[in-house]
Amino acid sequence: MAQRELSICVFCGARNGNDPFWAELASAFGARIASRGVRLVYGGGKVGLMGALASGALAAGGNVLGVIPRSLMTRELAHTGLTALEVVDDMATRKTRMIEQADAFVALPGGLGTLDELFEVLTLRQIGEHRKPSALLDARGYWQPLLRTCQGMVDAGFVRPDDIGQLLVDADADALIDSLLARVAAGA
Ligand code: AMP
């Protein structure tokens, strides 16, 4: 029987940040996903790290699904070269569709929207809605302040250790993808 194609959903900034390093990181991460024969699911935009990520995956011959709300088609400029683009009614449906369509999740550097998407996945897992693994690409230690905040919440007894402890953290793209795929194979 043919093996089902795995999908990784990536959340990342709709901006480029202050250093070209971040867009290069996103583009290279897209290419690494494509080179593993894994489908990329993301927010469908052409701007910022999101655009760099998708273009990197496509240039490496990858399969890319974008999910974008109608209202953001202009602001985030829907990427026109994707393998598939789903246009949905609102932001909530976008998150639901991205979560349904993916086997695992990665957050690259980004802002408030990236945090919203990451915490949607983590909180749905926390209440048992899914068992899919998540990871942070921690280039230049971008996620360390957030991880410290989360550890503080664990120490104060508001977050169960495993609800944050299951989050994979690595600065190396290939190592991160390896760990995520191993979790998916093990049923997370
Ligand atoms: P940002 O990290 O703020 O640059 O945003 C990254 C992505 O998150 C963009 O595609 C935004 O459209 C999306 N986003 C922003 N706000 C929200 C929200 N409230 N719910 C879901 N996605 C959002």
Side-chain angles (χ1 to χ4, degrees), residues 7-30 32-33 39-58 62-102 104-127 129-130 132 134-150 164 167-171 173 176 180:
S7 299
I8 292 181
C9 177
V10 177
F11 306 128
C12 61
R15 298 169 189 267
N16 278 317
N18 292 332
D19 190 322
F21 171 80
W22 300 118
E24 285 156 22
L25 179 83
S27 172
F29 194 72
R32 296 316 303 151
I33 288 184
R39 180 178 71 153
L40 170 67
V41 177
Y42 86 114
K46 202 174 179 172
V47 293
L49 298 200
M50 295 171 67
L53 168 81
S55 297
L58 290 166
N63 182 353
V64 183
L65 168 66
V67 184
I68 195 163
R70 212 173 306 283
S71 60
L72 285 185
M73 292 273 290
T74 336
R75 192 165 4 133
E76 292 187 359
L77 303 175
H79 201 303
T80 47
L82 304 179
T83 318
L85 180 70
E86 275 189 29
V87 181
V88 296
D89 285 339
D90 50 47
M91 301 298 268
T93 311
R94 178 204 237 176
K95 278 190 286 191
T96 304
R97 281 300 291 158
M98 289 198 292
I99 293 170
E100 280 172 0
Q101 287 291 314
F105 307 91
V106 179
L108 265 56
L112 299 179
T114 302
L115 282 187
D116 177 83
E117 293 165 333
L118 171 67
F119 279 92
E120 176 91 2
V121 169
L122 295 179
T123 51
L124 286 175
R125 184 179 157 117
Q126 177 173 272
I127 58 169
E129 296 274 322
H130 70 83
K132 299 174 183 178
S134 301
L136 301 175
L137 184 65
D138 193 32
R140 292 186 171 173
Y142 185 81
W143 293 113
Q144 289 303 315
L146 179 73
L147 288 169
R148 280 196 293 276
T149 298
C150 292
I164 279 299
L167 188 57
L168 297 163
V169 182
D170 207 304
L176 193 74
L180 262 185

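Just so you know, ligand 1 is whichever comes first in the structure, and atom 1 is the first atom listed for that ligand.
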Q: Look at atom CD1 of Ile127 and say whether more than 12 heavy atoms of other residues, nucleotides or ligands are closer to it than 6.0 Å.
A: yes
**Q.** Those atoms of ligand 1 less than 4.0 Å from some heavy atom in Met50
**A.** 9 (C), 10 (O)
Q. Are any of the side-chain nitrogens in Arg94 or Glu100 under 4.0 Å away from the carboxylate oxygens of its partner?
A. no
Q: Provide, to 0.1 Å, the distance between atom 9 (C) of ligand 1 and the closest protein heavy atom, together with that atom's residue and name.
A: Glu76 OE2, 3.0 Å
(Q) As an exercise, identify every atom of ligand 1 less than 4.0 angstrom from a heavy atom of Leu72. (A) 12 (O)
Q: Please report which non-hydrogen protein atom sits nearest to atom 4 (O) of ligand 1, along with the residue it belongs to and the distance in Å to one decimal place.
A: Ala14 N, 2.8 Å
Q | Distance filter under 4.0 Å to Gly13 heavy atoms, resulting ligand 1 atoms | A | 2 (O), 4 (O)
Q) Okay, side chain of Tyr142, backbone of Pro145: is any donor-acceptor separation there less than 3.5 Å? A) no
Q) Going by heavy atoms, is Gly111 under 4.0 Å from ligand 1? A) yes
Q: Give the residue, atom name and distance (to 0.1 Å) of the protein heavy atom nearest atom 6 (C) of ligand 1.
A: Cys12 O, 3.2 Å
Q) Any side-chain heavy-atom pair from Val41 and Arg39 closer than 4.5 angstrom? A) yes
Q | atom 20 (N) of ligand 1: the protein heavy-atom neighbour that sits closest, reported with distance to 0.1 Å | A | Asp116 OD2, 2.9 Å
Q) Touching ligand 1 at all, Gly45? Heavy atoms, strictly under 4.0 Å? A) no
(Q) For Glu120, which part has a heavy atom under 4.0 Å from ligand 1: side chain, backbone, both, or neither? (A) neither
Q. Can we say Lys95 and Asp116 salt-bridge, meaning some charged N sits less than 4.0 Å from an Asp/Glu carboxylate O?
A. yes
Q: Could you label the plane-to-plane angle of the Phe11 and Phe105 rings as parallel, tilted or perpendicular, counting under 30° as parallel and over 60° as perpendicular?
A: parallel
Q: For Leu112, take its heavy atoms, then give the atoms of ligand 1 lying under 4.0 Å from any of them.
A: 2 (O), 3 (O)
**Q.** Nearest-contact summary for atom 1 (P) of ligand 1 - protein heavy atom, Å
**A.** Gly113 N, 3.6 Å
Q: State whether Trp22 and Arg140 meet the cation-pi test: NZ (Lys) or CZ (Arg) under 6.0 Å from the six-membered ring centroid, and within 45° of the perpendicular axis.
A: yes
Q: Only heavy atoms count here, so choose which of Met98, Met91, Arg15 is nearest to atom 22 (N) of ligand 1.
A: Met91
Q: Look only at the side chain of Ser7 and the backbone of Ala102, and say whether a donor-acceptor pair between them is shorter than 3.5 Å.
A: no
(Q) Salt bridge check, Arg97 against Glu86: does any charged N sit closer than 4.0 Å to a carboxylate O? (A) yes
